[in-house]
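Encoded as structure tokens, the structure appears first; notes follow it.
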Amino acid sequence: MTDRLTIRRPDDWHVHLRDGDMLAAVVPLTARRFARAIVMPNLVPPVTTAAAARAYRDRIRAALPADARFTPLMTAYLTDATDPADIEAGFLDGSFNAAKLYPAHATTNSAHGVTDLSRLAPVFSAMARIGMPLLLHGEVTLPGVDIFDREAVFIDDVLDGLVAANPRLRIVLEHITTRRAVDYVRAAPANVAATITPHHLVINRTDIFRGGVRPHLYCLPVAKREEDRLALRAAACSGEAKFFLGTDSAPHSVEAKECACGAAGVFNAGTAIETYAQVFDEEGALDRLEAFASLNGPRFYGMPPNEERITLERARTEPPAPLRAGRTRVVGFPDAPLAWRVVDQA
Ligand code: DOR
Ligand code: ZN
């Protein structure tokens, strides 16, 4: 039985770092583990222009510990009014690494998201031409669609047409939660990939109600059935190039989570790689953790893998303590002990 594992240093291909006091509190956790991270643009107001992305990147860099070795990769928040020329110029000058599509009102700070995908056709064709990845929050927002069906309906009603109409566009279906998504991505052409979070590998929808409602396990897309969780575990642990690490770590204050209408988001930045290691260990797939965490993502984005290494060992560790952020606290995932810990990073 393997008790120690050394892999290339991982990257996080989907994270929320926020701004201000929250940014200062959470970015050290991401920067300690991950060499690079794709940073979500759903701030208030959203990061819609290259100038805004550069300014946000400067704020992230200013919040990093002095000894951090971490590169934030920035994303453009697409709206109905996105100018293809600004997206293209921002990608070519390094201000953006990808563009993020939130269907309007799908999740936190998505009010400015896209209402009509057809308006973005010129943006998608520019992105396909220059090789800029499109990152999808893959849920429909029609009020009549059950929350547990929103990802599957998005695949059928939106994604399939988008893939067919843009055969050269690199597309990441983010934080997938269903067997349907696993099957779809697997069968799709090589330009379609998916990220998988640590929490969707660990919890199913029943866990959100274990002994009472557990707001810190609520995120969007919401966790689905056990059969879905098992399909996600098989996909992540397969080592297949289409599936890679994206934590979707999404911090909210304890007050915003523990209230009558709690915010969506699981905060896992401090424990993500340990949680993935535990899952891969349980699945007998530790030899594939490096592909999922450190190789498949860079390959999809056309970047070299990291040269640094990180070593994990099997050891029981207490669950994370709440993290202080300005005048509030953020409760981290998981709420149970971890089975792996990081022992070395070089
Ligand atoms: O649970 C979520 N939280 N899902 C998202 O898509 C957004 C995120 C956030 O920003 O809090
Ligand atoms: Zn997210």
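Index from 1, following the sequence. Note that ligands are numbered from 1 as they come in the structure, with each ligand's atoms numbered from 1 the same way.
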(message) Could you tell me if Arg214 sits above the aromatic ring of Phe209, with its cationic atom closer than 6.0 Å to the ring centre and no more than 45 degrees from the axis?
(response) no
(message) Applying salt bridge (charged side-chain N to carboxylate O under 4.0 Å, His left out) as the test, list every pair that has at least one member in residues 247-268; sequence neighbours left out.
(response) none
(request) Under 2.8 Å from the Zn ion (ligand 2), which protein N, O or S atoms are there? Could you list them by chain and number? (result) His14 NE2, His16 NE2, Asp248 OD1
(message) So, using salt bridge (Lys or Arg N to Asp or Glu O under 4.0 Å) as the criterion, who are the partners of Arg129 when residues are at least two apart?
(response) Glu88
(request) Kindly check if the number of other-residue, nucleotide or ligand heavy atoms within 6.0 Å of CZ (Arg8) is above 12? (result) yes
(message) For His14 and His175, I'd like to know if the aromatic rings sit close, meaning centre-to-centre distance below 6.0 Å.
(response) yes
(request) Taking the side chain as every heavy atom from C-beta outward, state whether His200 and Leu232 have any atom pair closer than 4.5 Å. (result) yes
(request) Determine whether more than 12 heavy atoms belonging to other residues, nucleotides or ligands lie under 6.0 Å from atom CZ of Arg205. (result) yes
(request) Would you please classify the geometry between the Tyr301 ring and the Phe244 ring as parallel, tilted or perpendicular, with 30° and 60° separating the classes? (result) perpendicular
(request) Could you tell me whether Arg9 and Glu308 have a side-chain N and a carboxylate O separated by less than 4.0 Å? (result) yes
Show the distances, to 0.1 Å, for all pairs joining an N/O atom of ligand 1 and a protein N/O atom that are shorter than 3.5 Å, listing one pair per line.
residue: ligand 1; atom: 1 (O); partner: Leu220; partner atom: N; Å: 2.8
residue: ligand 1; atom: 1 (O); partner: Ala264; partner atom: O; Å: 3.4
residue: ligand 1; atom: 1 (O); partner: Gly265; partner atom: N; Å: 3.2
residue: ligand 1; atom: 3 (N); partner: Ala264; partner atom: O; Å: 3.0
residue: ligand 1; atom: 4 (N); partner: Thr107; partner atom: OG1; Å: 3.3
residue: ligand 1; atom: 4 (N); partner: Leu220; partner atom: O; Å: 2.8
residue: ligand 1; atom: 6 (O); partner: Thr107; partner atom: OG1; Å: 3.1
residue: ligand 1; atom: 6 (O); partner: His137; partner atom: ND1; Å: 3.2
residue: ligand 1; atom: 10 (O); partner: His16; partner atom: ND1; Å: 3.3
residue: ligand 1; atom: 10 (O); partner: Arg18; partner atom: NH1; Å: 2.9
residue: ligand 1; atom: 10 (O); partner: Arg18; partner atom: NH2; Å: 3.4
residue: ligand 1; atom: 10 (O); partner: Asn42; partner atom: ND2; Å: 2.8
residue: ligand 1; atom: 11 (O); partner: Arg18; partner atom: NH2; Å: 2.7
residue: ligand 1; atom: 11 (O); partner: Thr108; partner atom: OG1; Å: 3.2
residue: ligand 1; atom: 11 (O); partner: His252; partner atom: NE2; Å: 2.8
residue: ligand 1; atom: 11 (O); partner: Ala264; partner atom: O; Å: 3.1

